[in-house]
Amino acid sequence: MDGAPGAWIATGAFLLAALWVVWPAPLHATWAMPSGDSPVGTVPMLNAWIQWWNADRVLHFWSGYWHAPIFYPARYAFGLSEPQPLTALVAPIIWTSGPVPAYNVYLVAMLTLNGVFTRRLMKDLGVGPGCAAAAGLAMVLHPLAVHNLEAVQLAVLWPVVWLLHRLILFGRVPTWRSGLIVGIAGGLVGYACLHHTLIAALPLAASLGVLVVGKRWSAWLPPLLASGGLALLFTGPLAYGVGAAAAEHGVSRHLQTVQALSAQAADWLTLPATAWEPTGTSRTAQFPLSPGWLRVILACAAVAGFASARRRELLFLFVTALIALFLSFGANLPGGLWTVATHWLPPLQWARSPYRFAYLFQTCIILLAFCALDQLRLKISIMTRAAPLWRRAAGWSPIILGIVLTLEIPPPRTALCFPPASSMPAPWVQHLMQVSHPDDVMVCLPVAPDSSEAGMETETRWMMYQTQHRLRLLNGYSGFIPRHWAELRTMLRKAPLNDETIDALEGCSVRWIIVRRSPSVDAWSASTHIRWVYEDAQFRLGELVSTRQ
């Protein structure tokens, strides 16, 4: 299965695997989104809204990109989340069909590309076409990615795989051309997911010496510096926007939060529940991070001697994996090593979830495991060449082992979330669009009952309605909540409106109030500060009556 036909067949297999990962979402592609093994739709709806905002800014030539219309009147609100400008690729789908089908197309396309770029890397490592395609399938089924499918930006692994590929090629022939392509690949990682830039940068920089050791520094250092400069040129505007948002809103990473989101030894000894092997029962495990014991064993075998032809390159992948493993422990590292590391390497201060270094670890382990499998296949072929009777039987063993290796951790059946239908705006949205001005500000009630992911689903649902009416919102959800909205949200949990709350809303230039009807919020109807202009069985839309008139 080599050449152009083989590439198309492999790509088709990757697409089918991607559809399996998100199933049954393809049956409801225009009105439902996969949320992984989480029944909560908060993160998928946030990411669908981010894709909508990127598509909207394309129409405005990126004007006002960082000042997204949430948390009004906060500035740099978009920098409080992962910007993901690569999602502008599906902008035409958003313009014509809405963010939900675009989200599904983007996710399936990215998972498919994970397999395509992995296959290309494996072929350059000298792996046979069958094992290369199997490695691509395993990358589509990347354990951490498919078990956290709601974080779509973290499932976009192909730019990281491409960066690994280009670094390996640069190590072979460190030319200016290969160095500049490394820079482009590094910049693309940030456009897909800034968090992956943080995850990949330090381990790859630390292990790069394995590829260039023994080579004249004058041959590899100048193009490597140029590649770093090019990557910074690409990601610089994104880093600026996120940094400006952090400065504007006083974003900080508390050590207790980082520690709670850092890996422990028990996490690495625990497999996801879908694994065929024993998953482990440690009560202290929070994140099942093991990529599979068979993969780990074969990955070690690849470096230990099975694949000697590319040992330098395999050692590069292995060292990268070990550094990622070490950094995943984050604030749980002994002796305050994490505090020391963040002092000398300031970018690590942005690592809110150090356990996510496991994404890079699992990626490298998958690549190494299939390199070992290919070498095992070759050894069996050579050993049985003189024994025709055993050759056919022995030839099946790598195939069976490859299937087991590929499906060592099958994906979970994904849950679905159902955002407001983008193809048919709600009646209250249609009425609002008739009576409002594009510069109006609105607040949506009820607000999130608490700060949990489940509680915040209320806010992201209001944000999905915003993709229809496009007015500015006081509401919002992101990785960090601005202080003014956190305080106002506490006030808005009480009903009916009192004078203090009305003054706060007027201070934010609020004109419209939408209330989802329920017994717990019917008290809003009694407020004398709202002139109700529309109501149905589910919603009431009102205009704020100013007390200053």
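This one's a predicted model, so the numbers in the text were calculated from it and none came from an experiment.
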Report task. Give a yes or no on whether the ring-centroid distance for Tyr359 and His196 is below 6.0 angstrom. Result -> yes

Requested in this report: Could you pull out the closest heavy-atom pair between Pro26 and Leu19, with the gap in Å?
Outcome: CG-CD2, 3.9 Å

Query raised in the report: Quick one: does Gln430's side chain have a donor or acceptor within less than 3.5 Å of a partner on Pro425's backbone?
Result: yes

Report task. Could you walk me through whether Glu459 and Trp485 pass side-chain contact (heavy atoms from CB on, under 4.5 Å), step by step? Result -> CA-CA 12 Å; Glu459 303 292 2; Trp485 171 241; 3.7 Å; yes

**Report entry** Backbone N/O of Val258 and side chain of Arg352: donor-acceptor pair under 3.5 Å
**Finding:** no

Requested in this report: Would you check if the side chain of Arg493 reaches a backbone N or O of Pro446 as a donor-acceptor pair within less than 3.5 Å?
Outcome: no

Query raised in the report: With side chains defined as the heavy atoms from C-beta onward, is the minimum distance between Pro83 and Tyr65 less than 4.5 Å?
Result: yes

Query raised in the report: With a 4.5 Å heavy-atom cut-off, do Tyr72 and Val443 have their side chains touching?
Result: no

Query raised in the report: How long is the gap from CE on Met139 to CG on Leu113, to the nearest 0.5 Å?
Result: 13.0 Å

Atom pairs and distances, donor-acceptor, side-chain atoms in residues 407-421, under 3.5 Å, two or more places apart:
unit_1	atom_1	unit_2	atom_2	d
Glu408	OE1	Arg295	N	3.3
Glu408	OE2	Trp293	N	3.1
Glu408	OE2	Leu294	N	2.8
Thr414	OG1	Ser35	N	3.4
Thr414	OG1	Gly36	N	2.9
Thr414	OG1	Gly36	O	3.4

Query raised in the report: Is a side-chain N or O of Asn104 found less than 3.5 angstrom from the main chain of Ala32, in a donor-acceptor match?
Result: yes

Query raised in the report: Who passes side chain to side chain contact (heavy atoms under 4.5 Å, CB included) against Phe539, sequence neighbours left out?
Result: Trp428, Trp462, Tyr465, Ile514, Arg516, Asp536

Report task. Check step by step if side-chain contact (heavy atoms from CB on, under 4.5 Å) holds for Leu505 and Leu488. Result -> CA-CA 8 Å; Leu505 294 178; Leu488 184 55; 4.2 Å; yes

Query raised in the report: When the ring centroid of Tyr76 is compared with that of His67, is the distance short of 6.0 Å?
Result: yes

Requested in this report: For residues Val435 and Arg511, report the shortest heavy-atom separation together with the two atoms involved.
Outcome: O-NH2, 4.0 Å

Query raised in the report: Given Leu289 and Tyr355, is the side-chain contact (heavy atoms from CB on, under 4.5 Å) satisfied, shown in steps?
Result: CA-CA 8 Å; Leu289 299 180; Tyr355 84 89; 4.0 Å; yes

**Report entry** Reference residue Thr118; test side chain to side chain contact (heavy atoms under 4.5 Å, CB included); the match among Leu164, Val161, Val140, Leu137
**Finding:** Val161

Query raised in the report: Can you tell me how far the OG1 atom of Thr460 sits from the CG atom of Leu46, to the nearest 0.5 Å?
Result: 7.0 Å

Query raised in the report: Hey, does Cys444 have a side-chain heavy atom less than 4.5 Å from the side chain of Leu473?
Result: yes

Requested in this report: Decide ring-ring contact (aromatic ring centres under 6.0 Å, His included) for His165 and Trp162; before the verdict, give the C-alpha distance in whole Å, the side-chain angles of both, and the deciding distance to 0.1 Å.
Outcome: CA-CA 5 Å; His165 190 180; Trp162 190 39; 8.5 Å; no

Report task. With rounding to the nearest 0.5 Å, note down the distance linking CG in Leu80 to CH2 in Trp66. Result -> 10.0 Å

Query raised in the report: When rounded to the nearest 0.5 angstrom, what is the spacing between CG in Leu202 and OG1 in Thr197?
Result: 13.0 Å

Query raised in the report: Are any side-chain N or O atoms of Asn47 and backbone N or O atoms of Val43, one a donor and one an acceptor, separated by less than 3.5 Å?
Result: yes

Requested in this report: Using the side-chain contact (heavy atoms from CB on, under 4.5 Å) rule, take Tyr106 and Tyr103 through it: C-alpha gap first, then chi angles, then the decisive distance, then the call.
Outcome: CA-CA 5 Å; Tyr106 181 79; Tyr103 179 95; 5.8 Å; no

Query raised in the report: Shortest non-hydrogen contact from Ser353 to Leu261?
Result: OG-CD1, 3.4 Å

Query - Student check: side-chain heavy atoms of Phe357 and Pro203 closer than 4.5 Å - result: yes

Query raised in the report: Quick check: does any side chain N or O of Gln538 sit under 3.5 Å from a backbone N or O of Arg517, one acting as donor and the other as acceptor?
Result: no

**Report entry** Flag side-chain contact, heavy atom, 4.5 Å: Tyr534 against Arg540
**Finding:** no

Query raised in the report: Do Leu163 and Phe117 touch side chain to side chain, with heavy atoms closer than 4.5 Å?
Result: no

Query raised in the report: Rounded to the nearest 0.5 Å, how far does CD of Gln468 lie from CE of Met424?
Result: 11.0 Å

Query - Point-to-point distance, once rounded to the nearest 0.5 Å, from CD of Gln51 to OG1 of Thr467 - result: 11.5 Å

Report task. State, yes or no, whether a side-chain contact exists between Met456 and Ser451 at a heavy-atom distance under 4.5 Å. Result -> yes

**Report entry** Side-chain donor/acceptor of His249 to backbone N/O of Arg75, under 3.5 Å
**Finding:** yes

Query - Side-chain donor or acceptor of Gln466 paired with backbone N/O of Pro69 under 3.5 Å - result: yes

Report task. Might you point out which heavy atoms bring Met463 and Trp49 nearest each other, and give the distance in Å? Result -> O-CD1, 3.2 Å

Query raised in the report: Under 3.5 Å, is there a donor-acceptor pair between the side chain of Ser328 and the main chain of Ala263?
Result: no

Query raised in the report: Does the side chain of Asn54 come under 3.5 Å of the side chain of Gln84 through a donor N or O and an acceptor N or O?
Result: no

Query raised in the report: Taking side chain as C-beta onward, heavy atoms only, is Asn114 less than 4.5 Å from Phe14?
Result: no

Query - Any donor-acceptor pair under 3.5 Å from Gln362 side chain to Leu144 backbone - result: yes

Query raised in the report: Of the non-hydrogen atoms in Ser262 and Pro354, which two are nearest, and what is the gap between them?
Result: OG-CG, 3.4 Å

Report summary line: Closest heavy-atom pair, Arg356 versus Ile199, reported as atoms and distance to 0.1 Å, is O-CD1, 3.3 Å

